[in-house]
Asks: 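Here it is: the structure, laid out below.
Computed over heavy atoms, backbone and side chain alike; hydrogens, waters and symmetry mates excluded.
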Amino acid sequence: MISSLRQPVVGISGSDLLLRQRHATPVKARSFLPSLARKKGQGSLVSVHKPLHIASSLGGRNFVSVKSKGKGDSVKCEAYEADRSEVESSNTPSEASKKVKIGIYFATWWALNVVFNIYNKKVLNAYPFPWLTSTLSLACGSLMMLISWATGIAEAPKTDPEFWKSLFPVAVAHTIGHVAATVSMSKVAVSFTHIIKSGEPAFSVLVSRFLLGETFPVPVYLSLLPIIGGCALAAVTELNFNMTGFMGAMISNLAFVFRNIFSKKGMKGKSVSGMNYYACLSILSLAILTPFAIAVEGPQMWIAGWKTSISQIGNQLIWWIAAQSVFYHLYNQVSYMSLDEISPLTFSIGNTMKRISVIVSSIIIFHTPVQPVNALGAAIAILGTFLYSQAKQ
């Protein structure tokens, strides 16, 4: 607690909780604080030209100590002048460390996402079963977190039935978005999927406007023009265009918009960390997805496809599947953890930069042919996404 002290009226502005607890009758602040007025022939105890701050006793600080001896309890106060900049200097290291922490989050998030997309595409090229691949990704993350909770590596969240009830619609939307994106990447290039997924802000505005009745500033609507135009230009000039891949990316956009809406509505007041929130989301999504994956593809198709893929690729397919499953969970977990540290605007900008890194890296690694007009469409769409994040604030 820091309180101001000024002359000529000596008083303490701040909480007198301590005095109320320990004295049955009101105690005046000046009853225990000696007069700070200058006495004739004596130097002033403290400067009267600068405001004073009263603080609790802290070891190692060169404060002016003022004590009162008398009946009853004694109270010790310590003061320092306002221009001592004790408070400002103490905040500097924490701000710097926070910026470093956020930078580490972003770098880790982007790196893990790039690695996931590379291994995910390798798996889908060799073993084209997107429903099973999506299920394994969620299963791996769920298993990792259950082990972490059981061994005490991570603190288990304290949840109740109301928490899981509010999480259910979020998990449904997350499951649909995850499977749709995986189906898309099994049919088209990684870069094309992410170009189309950069149009997610357009879906967010349209859903919020027409289904929820929300209104936005004019710059937000204008920022949708380059997003929609860039995605359309990239789609019509894509050399390996596939309608299933295109629709998968579009459905993924819509599903993730609803996931965000349900998440905002259902998680108000819930005290669950970002890491544990995503872990619970993965577990519930796994329970939802598993029966549908079995119904759509099934063990017979998986076994037959596995034999064919192993004969062509070898045992390295096992490593690819393990890698894409682990990195999928890690990159999502880091992104949710970063939400605890940064604003939505910063997160949105980071997500835009993440897509750029994924698009560029996938084009280089997979030697994806790109026409200049196609690259122009991607650049326009990503620029529109950035403008949207700025205009929404």
Side-chain angles (χ1 to χ4, degrees), residues 109-110 112-125 127-141 170-204 207 227 231 234-235 238 240-260 262-263 278 281-282 285-286 288-290 292-293 296-297 320-321 323-336 351-352 354-359 361-363 366 368 378 381-382 385:
W109 177 23
W110 296 341
L112 292 173
N113 190 263
V114 168
V115 175
F116 158 72
N117 279 278
I118 291 171
Y119 279 108
N120 189 50
K121 185 60 177 176
K122 284 178 175 286
V123 170
L124 293 172
N125 285 342
Y127 189 60
F129 294 95
W131 287 79
L132 175 61
T133 302
S134 302
T135 305
L136 293 175
S137 300
L138 296 172
C140 180
V170 184
V172 171
H174 178 73
T175 303
I176 295 173
H178 176 41
V179 173
T182 308
V183 170
S184 175
M185 282 191 279
S186 70
K187 300 295 183 180
V188 296
V190 175
S191 56
F192 180 71
T193 297
H194 279 274
I195 291 171
I196 301 304
K197 283 179 66 63
S198 66
E200 184 176 324
F203 285 86
S204 179
V207 169
I227 294 176
C231 289
E238 174 66 23
N240 299 313
F241 180 83
N242 180 279
M243 182 56 71
T244 301
F246 174 75
M247 291 304 300
M250 297 288 279
I251 293 172
S252 178
N253 280 340
L254 188 61
F256 284 142
V257 166
F258 279 104
R259 180 193 65 178
N260 296 337
F262 293 144
S263 181
Y278 181 71
L281 182 62
S282 295
S285 294
L286 175 63
I288 296 171
L289 176 59
T290 301
F292 287 96
V296 174
E297 293 175 347
W320 291 353
I321 293 175
Q324 73 90 24
S325 300
V326 171
F327 283 111
Y328 172 78
H329 176 78
L330 291 179
Y331 102 76
N332 276 288
Q333 187 179 76
V334 171
S335 70
Y336 272 82
N351 197 41
T352 302
K354 177 205 74 174
R355 294 210 186 280
I356 295 175
S357 63
V358 171
I359 291 171
S361 61
S362 64
I363 290 174
F366 294 107
T368 306
I382 293 173
T385 303

Asks: Restricting to ring-ring contact (aromatic ring centres under 6.0 Å, His included), what partner residues turn up for W110, sequence neighbours left out?
Replies: F106
Asks: Among residues at least two apart in sequence or on other chains, which ones pass side-chain contact (heavy atoms from CB on, under 4.5 Å) with L124?
Replies: N120, P130, T133, T182, M185, S186
Asks: Report the residues that fulfil side chain to side chain donor-acceptor pair (under 3.5 Å) with T193, sequence neighbours left out, ordered by chain and then residue number.
Replies: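 Here the qualifying residues are S184.
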Asks: On a heavy-atom basis, which atom in I227 and which in G199 lie closest, and how many Å separate them?
Replies: CG2-CA, 3.5 Å
Asks: How far does CD of Q333 sit from CG of L281, to the nearest 0.5 angstrom?
Replies: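 Q333 atom CD to L281 atom CG measures 12.0 Å (nearest 0.5 Å).
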Asks: Take I359 and I382 through the side chain to side chain contact (heavy atoms under 4.5 Å, CB included) test and state the conclusion after the steps.
Replies: CA-CA 11 Å; I359 291 171; I382 293 173; 3.8 Å; yes
Asks: For F116, check ring-ring contact (aromatic ring centres under 6.0 Å, His included) against everything at least two apart and list the hits.
Replies: Y328, Y331
Asks: From L330 CG over to S335 OG, what is the distance, rounded to the nearest 0.5 angstrom?
Replies: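 Going from CG on L330 over to OG on S335, the span is 11.0 Å.
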Asks: Please report the closest heavy-atom contact between F292 and I288, naming both atoms and the distance.
Replies: CD1-O, 3.1 Å
Asks: Would you please name every residue forming a ring-ring contact (aromatic ring centres under 6.0 Å, His included) with F246, sequence neighbours left out?
Replies: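 Partners of F246 by the ring-ring contact (aromatic ring centres under 6.0 Å, His included) criterion, ordered by chain and then number, come out as F241.
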Asks: Of all heavy-atom pairs between G248 and A180, which one has the smallest distance, and what is that distance?
Replies: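 Residues G248 and A180, closest heavy atoms: O-CB, 3.3 Å.
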Asks: Among residues at least two apart in sequence or on other chains, which ones pass side chain to side chain donor-acceptor pair (under 3.5 Å) with T175?
Replies: S285
Asks: Of the non-hydrogen atoms in N242 and T244, which two are nearest, and what is the gap between them?
Replies: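 The pair with the smallest heavy-atom distance is OD1-N, 2.9 Å.
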Asks: Side chain to side chain contact (heavy atoms under 4.5 Å, CB included) between H174 and L138: does it pass, once the steps are laid out?
Replies: CA-CA 11 Å; H174 178 73; L138 296 172; 4.2 Å; yes
Asks: Partners of K121 by side-chain contact (heavy atoms from CB on, under 4.5 Å), sequence neighbours excluded?
Replies: N125, V190, F366
Asks: According to side chain to side chain donor-acceptor pair (under 3.5 Å), who are the partners of N117, at least two apart in sequence or on a separate chain?
Replies: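 If we apply the side chain to side chain donor-acceptor pair (under 3.5 Å) test to N117, skipping adjacent residues, the hits are N113, H194.
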Asks: Can you name the nearest heavy-atom pair linking S362 to T368, along with the distance?
Replies: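 The pair with the smallest heavy-atom distance is O-OG1, 3.8 Å.
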Asks: What pairs with L136 under side-chain contact (heavy atoms from CB on, under 4.5 Å), at least two apart in sequence or on another chain?
Replies: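 Here the qualifying residues are L132, I321, S325.
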Asks: If you measure from OG on S137 to CG on L286, what distance do you get to the nearest 0.5 Å?
Replies: 10.5 Å
Asks: Does any non-hydrogen side-chain atom of E200 lie less than 4.5 Å from one of N260?
Replies: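 Sidechains of E200 and N260: in contact.
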Asks: Not counting sequence neighbours, which residues clear side chain to side chain donor-acceptor pair (under 3.5 Å) with K354? List them please.
Replies: N351
Asks: To the nearest 0.5 Å, what is the distance between CZ (F129) and OG (S134)?
Replies: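 Spacing of CZ (F129) from OG (S134) equals 13.0 Å.
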Asks: Please name the pair of heavy atoms, one in A173 and one in F262, separated by the smallest distance, quoted to 0.1 Å.
Replies: CB-CD1, 4.4 Å
Asks: In Å and rounded to the nearest 0.5 Å, what is the CZ to OG distance from R355 to S357?
Replies: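 If I round to the nearest 0.5 Å, the distance is 10.0 Å.
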Asks: For I176, give me all partners under side-chain contact (heavy atoms from CB on, under 4.5 Å), at least two apart in sequence or on another chain.
Replies: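 Expected list: V172, I251, A255.
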Asks: With rounding to the nearest 0.5 Å, note down the distance linking CG in L289 to OG in S282.
Replies: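 Going from the CG atom of L289 to the OG atom of S282 covers 11.5 Å.
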Asks: List the residues meeting ring-ring contact (aromatic ring centres under 6.0 Å, His included) with H329, not counting sequence neighbours, and say none if there are none.
Replies: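 Listed in chain order: Y278.
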